[in-house]
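For reference, the structure discussed in these notes is given below.
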Amino acid sequence: MRIFSGIQPTGEIHIGNYLGAIKQWIEFQEGNDCIYCIVDLHALTSDYDPETMRDSIMNKAIVYLAAGIDPEKSTIFVQSEVKEHTELCWYLNTLTPIGELERMTQYKEKSKRKKKRSNAGLLNYPILMAADILLYDTEVVPVGEDQKQHIELARDIAKRFNKRFGETFKVPKAQLPKKGARIMSLKNPKNKMSKSGKKGNAVSLFDDPKTIEEKIKSAVTDTDNKISYDPKDKPGISNLLVIYSEFKDQTIEESEKELKGESYKVFKEKLTEVLIESLDPFRKKRRELEKRREVYVEEILSQGAKKAKTLASSNIARVKRKMGLV
Ligand code: AMP
Ligand code: TRP
């Protein structure tokens, strides 16, 4: 199967990104044709610093590799290095009603936050995302729950194109993880864990043991000191249970059984221990890769872009033919 997914270069990767997206990416590497993109064009829709952008892109490539994406098995590349993404985005723009874009939850949230500084890129963001996916005849898109609506839109756009111009695009499917599709903030478990959230809301994939300990210690729980999964009435503890179970590779029921009768304090200590142990290899691998940044990582991105470009340009040629441009 062709698998495609991407993450923006800006912001620190946290355990929500890992459990929602990257963990699935790694699993898909066995026996599938995977393409993982650093979506820098999407990042331009938010406030960013041009001075540090290229550095963030390189850092994200290192994060992919440190987290377990194997360049021998998967293609890793930077979106802006393959111009066909913006070209297809334009074609798909002409097939997308504005109302559908205005209904996107993420657009509504982001434009409300930005108010006057909202931009057309923010509105068209999901069309560029659809272009990313459709350009590679993608069948499966592994993402967290917050991206589900965008994939639905990509499906609608693909179907609309096929209906208007004849069978062209595969209709992709979103693949969400069973448990970690929506990891919540440690500070306010009613909100999702996020790169741009309040300080301490997220554990970074590369936090050192002391920072992990502090963040888990200050994670919001509740007052009844009972460890059970009940996201509605006990959102804090339930979120910690999901994280604990995912990193221990066991079901929530198994965790509940294991922790029965324990205090929150002991649970937090155990969770801290599991996180420190699970994240340690990522930190080590990243340190190693930092040293090989110039040659090794640049080379992986350059090979990745070459491969992506070959696939993308033949697909664009087909699209142009179908649309009557050539
Ligand atoms: P972003 O942080 O928005 O760049 O998201 C990158 C990937 O991580 C996407 O596939 C998201 O769906 C996923 N993701 C982001 N935040 C979370 C979260 N709190 N829980 C689970 N998945 C998430
Ligand atoms: N919008 C996604 C996010 O913020 C990132 C993204 C861009 C993406 N293009 C994509 C994800 C294509 C999957 C497939 O998380």
Any donor-acceptor N or O pair under 3.5 Å, side chains Asp208, Thr211:
yes
For the residue pair Tyr18 and Phe247, does the interplanar ring angle fall in the parallel (under 30°), tilted (30 to 60°) or perpendicular (over 60°) class?
parallel
Rounded at 0.5 Å granularity, tell me how far CG in Asp280 sits from CZ in Arg283.
5.0 Å
Under the salt bridge (Lys or Arg N to Asp or Glu O under 4.0 Å) test, which residues partner Lys234, sequence neighbours left out?
Asp222, Asp224
Distance from Leu240 atom CG to Lys270 atom NZ, nearest 0.5 Å?
14.5 Å
Nearest 0.5 Å, please: how far is CE in Met1 from CD in Gln175?
7.5 Å
Is the terminal nitrogen or CZ of Lys110 (NZ for Lys, CZ for Arg) located under 6.0 angstrom from the six-membered ring centre of Tyr125 and within 45° of that ring's axis?
yes
Specify the closest pair of heavy atoms between Arg182 and Asp146, including all atoms of both residues, with the distance to one decimal.
NH1-CB, 4.3 Å
Please report the closest heavy-atom contact between Leu101 and Pro126, naming both atoms and the distance.
CD2-CG, 4.1 Å
Does Lys248 come within less than 4.0 Å of Glu258, counting only side-chain N to carboxylate O?
yes
Quick one: do Val274 and Phe206 end up in the same hydrophobic cluster if we chain Ile, Leu, Val, Met, Phe, Trp and Tyr together by side-chain heavy atoms under 4.5 Å apart?
yes
Distance-only donor-acceptor check, side chains Ser185 and Asn191, under 3.5 Å
no
Going by an N to O cut-off under 4.0 Å, is there a salt bridge joining Lys260 and Glu256?
no
Indicate whether any N or O donor in one side chain lies under 3.5 Å from an N or O acceptor in the other, for Lys179 and Thr251.
no
Closest approach of Glu12 to Ser204 (non-hydrogen atoms, all atoms of both residues):
OE1-OG, 3.2 Å
The residue among Asp137, Asp33, Thr138 that forms side-chain hydrogen bond (donor to acceptor under 3.5 Å, both in side chains) with Arg2 is Asp33
Taking every non-hydrogen atom, the tightest pair across Asp230 and Ser238:
N-OG, 2.8 Å
Evaluate side chain to side chain contact (heavy atoms under 4.5 Å, CB included) for Leu205 paired with Asn17, printing each intermediate quantity in order.
CA-CA 9 Å; Leu205 213 52; Asn17 297 131; over 6 Å; no
Is any side-chain heavy atom of Asn59 less than 4.5 Å from a side-chain heavy atom of Pro9?
no
With no hydrogens and no angle check, just 3.5 Å: does a side-chain donor-acceptor pair link Gln8 and Tyr48?
no
Tyr36 and ring-ring contact (aromatic ring centres under 6.0 Å, His included): which partner among Trp25, Tyr64, Tyr136?
Trp25
Set out, in order, the CA-CA distance, both residues' side-chain angles and the distance that settles side chain to side chain contact (heavy atoms under 4.5 Å, CB included) for Ser218 and Lys187, then state yes or no.
CA-CA 8 Å; Ser218 67; Lys187 289 285 178 197; 3.3 Å; yes
Does a sphere of radius 6.0 Å around CD in Glu273 hold more than 12 heavy atoms from other residues, nucleotides or ligands, not counting ones at 6.0 Å or beyond?
no
Spatial distance of atom SG (Cys37) from atom NZ (Lys60) [nearest 0.5 Å]
13.0 Å
Can you classify the ring geometry of Phe77 versus His85 as parallel (below 30°), tilted (30 to 60°) or perpendicular (above 60°)?
tilted
Verify same cluster id: Leu128, Leu135 (apolar side-chain graph, 4.5 Å):
no
dist Ile151:CD1 -> Gln149:CD (nearest 0.5 Å) comes out at 11.0 Å
Please check if any side-chain donor atom of Gln250 sits under 3.5 Å from a side-chain acceptor atom of Ser255, or the reverse.
yes
Show, in sequence, the C-alpha distance, side-chain angles and deciding distance for Phe169 and Leu88, and conclude whether the side chain to side chain contact (heavy atoms under 4.5 Å, CB included) test is met.
CA-CA 12 Å; Phe169 291 124; Leu88 182 58; 3.9 Å; yes
Pair up each side-chain donor or acceptor in residues 302-313 with any protein partner under 3.5 Å, not counting sequence neighbours, and list the distances.
{"from": "Gln303", "atom 1": "NE2", "to": "Glu299", "atom 2": "OE2", "distance (Å)": "2.8"}
{"from": "Lys307", "atom 1": "NZ", "to": "Thr75", "atom 2": "OG1", "distance (Å)": "3.1"}
{"from": "Lys309", "atom 1": "NZ", "to": "Glu84", "atom 2": "OE1", "distance (Å)": "3.4"}
{"from": "Thr310", "atom 1": "OG1", "to": "Lys306", "atom 2": "O", "distance (Å)": "2.9"}
{"from": "Ser313", "atom 1": "OG", "to": "Lys309", "atom 2": "O", "distance (Å)": "3.0"}
{"from": "Ser313", "atom 1": "OG", "to": "Thr310", "atom 2": "O", "distance (Å)": "3.4"}

Tell me whether Asn225 contacts the main-chain N or O of Tyr264 through its side chain, where contact means a donor paired with an acceptor under 3.5 Å.
yes
Excluding sequence neighbours, so at least two apart, what forms salt bridge (Lys or Arg N to Asp or Glu O under 4.0 Å) with Lys215?
Asp207
Any carboxylate oxygen within less than 4.0 angstrom of a Lys/Arg side-chain nitrogen, looking at Asp233 and Lys226?
no
Minimum heavy-atom separation for Gln24 and Pro177, please, with both atom names.
NE2-CD, 3.3 Å
Drop me the distance from Tyr107's OH to Lys114's NZ, to the nearest 0.5 angstrom.
11.5 Å
List the atom of Leu134, the atom of Asn315, and the distance in Å for their closest heavy-atom pair.
O-ND2, 3.3 Å
Before giving the answer on side chain to side chain contact (heavy atoms under 4.5 Å, CB included), spell out for Phe161 and Val319 the whole-Å C-alpha distance, their side-chain angles and the decisive distance to 0.1 Å.
CA-CA 10 Å; Phe161 190 103; Val319 169; 3.8 Å; yes
Carboxylate-amine/guanidinium contact Glu167 Arg318, below 4.0 Å:
no
